[in-house]
Participant: 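Supplied in structure tokens, the structure appears directly below.
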Amino acid sequence: MKKEKTGRFLLLILLLLTLTACQTQTSPFSEVDTLEGMWIEAVPETVTPAGLTVSFHNSTERDDIVYAYGFCVEEQKGERWYPLFRTSMVWEGPTIALPFPTASQLEAGAPNEQAYYWKSYCGALGPGTYRLVIAVSSMEDKAEPVDYFLTAPFEITGRRSSP
């Protein structure tokens, strides 16, 4: 009986240390919003604790940019960003696979919007400052696509509505 309690206690300590390590990991995205003429923004009236819609802007003449449906939600604490969770994207670690097509093209000058929902993956977000990180790729050289990360900052206030 004593060994069983000790084992459970050690398992609990290990679990708590693992969770603490996950919460203190800063954003792996050191370079964001570097693709000139391309940006994303949260559509203000769509922002809820459960999800939002992002508007993609391509003011370039390039038609070789595609975006995947994977995304990451990060929370700002002080001057740093901390990932809360992510779906399939281009960085290491466990992922949540989404049953969507792999990519959509961003045509030059054409408006494009995409809804993102995270409530079923991590629950509703509490009040705070967050950003959605989305990977886009330049397919100019299809053999060697170049990945960029675009961010859409948003805030959740004290209200608790969901889409």
Side-chain angles (χ1 to χ4, degrees), residues 19-157 163:
L19 289 175
T20 303
C22 290
Q23 292 172 349
T24 60
Q25 176 187 10
T26 59
S27 176
F29 305 106
S30 58
E31 292 188 30
V32 296
D33 302 320
T34 60
L35 186 54
E36 190 173 326
M38 304 228 28
W39 71 96
I40 61 174
E41 63 185 345
V43 178
E45 61 273 10
T46 68
V47 175
T48 71
L52 57 74
T53 297
V54 168
S55 178
F56 289 83
H57 301 276
N58 180 357
S59 67
T60 71
E61 295 181 11
R62 298 176 65 172
D63 282 330
D64 65 311
I65 305 296
V66 297
Y67 69 94
Y69 290 96
F71 64 97
C72 177
V73 175
E74 296 185 328
E75 183 175 18
Q76 186 176 28
K77 293 182 180 180
E79 297 296 316
R80 296 180 187 246
W81 292 97
Y82 296 88
L84 298 179
F85 83 97
R86 71 179 179 91
T87 62
S88 301
M89 284 185 75
V90 190
W91 57 287
E92 299 295 321
T95 65
I96 300 168
L98 297 175
F100 295 123
T102 56
S104 290
Q105 182 178 1
L106 292 172
E107 295 181 26
N112 195 2
E113 289 187 347
Q114 176 65 45
Y116 293 90
Y117 299 102
W118 49 78
K119 185 176 180 179
S120 61
Y121 304 113
C122 70
L125 299 177
T129 301
Y130 301 91
R131 70 180 181 180
L132 188 75
V133 183
I134 299 170
V136 297
S137 299
S138 168
M139 302 302 287
E140 191 170 37
D141 179 1
K142 292 185 183 187
E144 296 285 331
V146 178
D147 295 322
Y148 300 91
F149 297 101
L150 302 179
T151 63
F154 62 97
E155 291 201 20
I156 301 294
T157 59

Participant: Which atom pair, heavy atoms only, marks the closest approach of Ala152 to Ala42?
Facilitator: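 Looking at all heavy atoms of both residues, the shortest contact is CB-N, 3.8 Å.
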Participant: Is there side-chain contact between Glu107 and Asn112, with heavy atoms separated by less than 4.5 Å?
Facilitator: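 No, too far: nothing below the 4.5 Å cut-off.
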Participant: Which residue pairs satisfy the salt bridge (Lys or Arg N to Asp or Glu O under 4.0 Å) criterion with at least one member in residues 51-61, sequence neighbours excluded?
Facilitator: none
Participant: Heavy atoms, side chains only, cut-off 4.5 Å: are Val133 and Leu150 in contact?
Facilitator: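 The answer is no, as the side chains (C-beta and beyond) never meet within the 4.5 Å cut-off.
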Participant: Can you sort out the partners of Ser138 under side-chain hydrogen bond (donor to acceptor under 3.5 Å, both in side chains), two or more places apart, ordered by chain and number?
Facilitator: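 Scan of Ser138 (side-chain hydrogen bond (donor to acceptor under 3.5 Å, both in side chains), adjacent residues dropped) gives Arg62, Asp64.
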Participant: Taking the side chain as every heavy atom from C-beta outward, state whether Gln25 and Tyr82 have any pair of such atoms under 4.5 Å apart.
Facilitator: no
Participant: Quick check against the 3.5 Å criterion: does Thr53 have a side-chain atom that pairs as donor or acceptor with the backbone of Ala115?
Facilitator: no
Participant: Within the side chain of Trp118, is there an N or O that forms a donor-acceptor pair under 3.5 Å with the backbone of Pro49?
Facilitator: yes
Participant: Just how far is it from atom CG of Leu52 to atom CD of Glu113, taken to the nearest 0.5 Å?
Facilitator: 11.0 Å
Participant: What's the separation between atom OG1 in Thr48 and atom CD1 in Ile156, rounded to the nearest 0.5 Å?
Facilitator: 6.0 Å
Participant: For residues Val66 and Leu106, determine if any side-chain heavy atom of one lies less than 4.5 Å from a side-chain heavy atom of the other.
Facilitator: no
Participant: If I take atom CD from residue Glu36 and atom OG1 from residue Thr60, how far apart are they, to the nearest 0.5 angstrom?
Facilitator: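 These two atoms lie 9.5 Å from each other.
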Participant: Sequence neighbours left out, what passes side-chain contact (heavy atoms from CB on, under 4.5 Å) with Thr34? Give chain and number order.
Facilitator: Glu31, Tyr148
Participant: Compare all side-chain heavy atoms of Val136 with those of Asp147 and state whether any distance is below 4.5 angstrom.
Facilitator: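 No. Closest side-chain heavy atoms not under 4.5 Å.
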Participant: Of all the heavy-atom pairs spanning Glu155 and Val47, show the shortest one and how long it is.
Facilitator: O-CG1, 3.6 Å
Participant: Would you call the rings of Phe154 and Tyr130 parallel, tilted or perpendicular, taking 30° and 60° as the class edges?
Facilitator: parallel
Participant: Do you know which two heavy atoms are closest between Thr129 and Trp81, and how far apart they sit?
Facilitator: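 Result for this residue pair: O-CZ3, 4.0 Å.
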Participant: Return the set of residues passing side-chain contact (heavy atoms from CB on, under 4.5 Å) with Ala108 (not counting sequence neighbours), or none when no residue passes.
Facilitator: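 Once residues adjacent in sequence are excluded, the partners of Ala108 under the side-chain contact (heavy atoms from CB on, under 4.5 Å) criterion are Asn58, Asp63.
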Participant: Measure the shortest side-chain to side-chain distance between Gln105 and Ile65 over non-hydrogen atoms and say whether it is less than 4.5 angstrom.
Facilitator: no
Participant: With heavy-atom distances below 4.5 Å as the criterion, would you say the side chains of Leu125 and Val73 are in contact?
Facilitator: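 In short, these two side chains touch, coming nearer than 4.5 Å.
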Participant: At what distance, to the nearest 0.5 angstrom, does CZ of Arg131 lie from CZ of Phe29?
Facilitator: 8.0 Å
Participant: Do Ser27 and Glu74 get their side chains close enough for a donor-acceptor pair, meaning under 3.5 Å?
Facilitator: yes
Participant: Measuring from Leu84:CG to Cys72:SG, what's the distance to the nearest 0.5 Å?
Facilitator: 7.5 Å
Participant: Taking only residues at least two apart or on different chains, which pairs with a member in residues 43-65 satisfy ring-ring contact (aromatic ring centres under 6.0 Å, His included)?
Facilitator: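 Found Trp39-His57, Phe56-Tyr67.
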Participant: What are the two closest non-hydrogen atoms of Ile40 and Leu132, and how far apart are they?
Facilitator: CD1-O, 4.3 Å
Participant: Measure across Phe149 and Ala135 and return the closest heavy-atom pair with its distance rounded to 0.1 Å.
Facilitator: CE2-CB, 3.7 Å
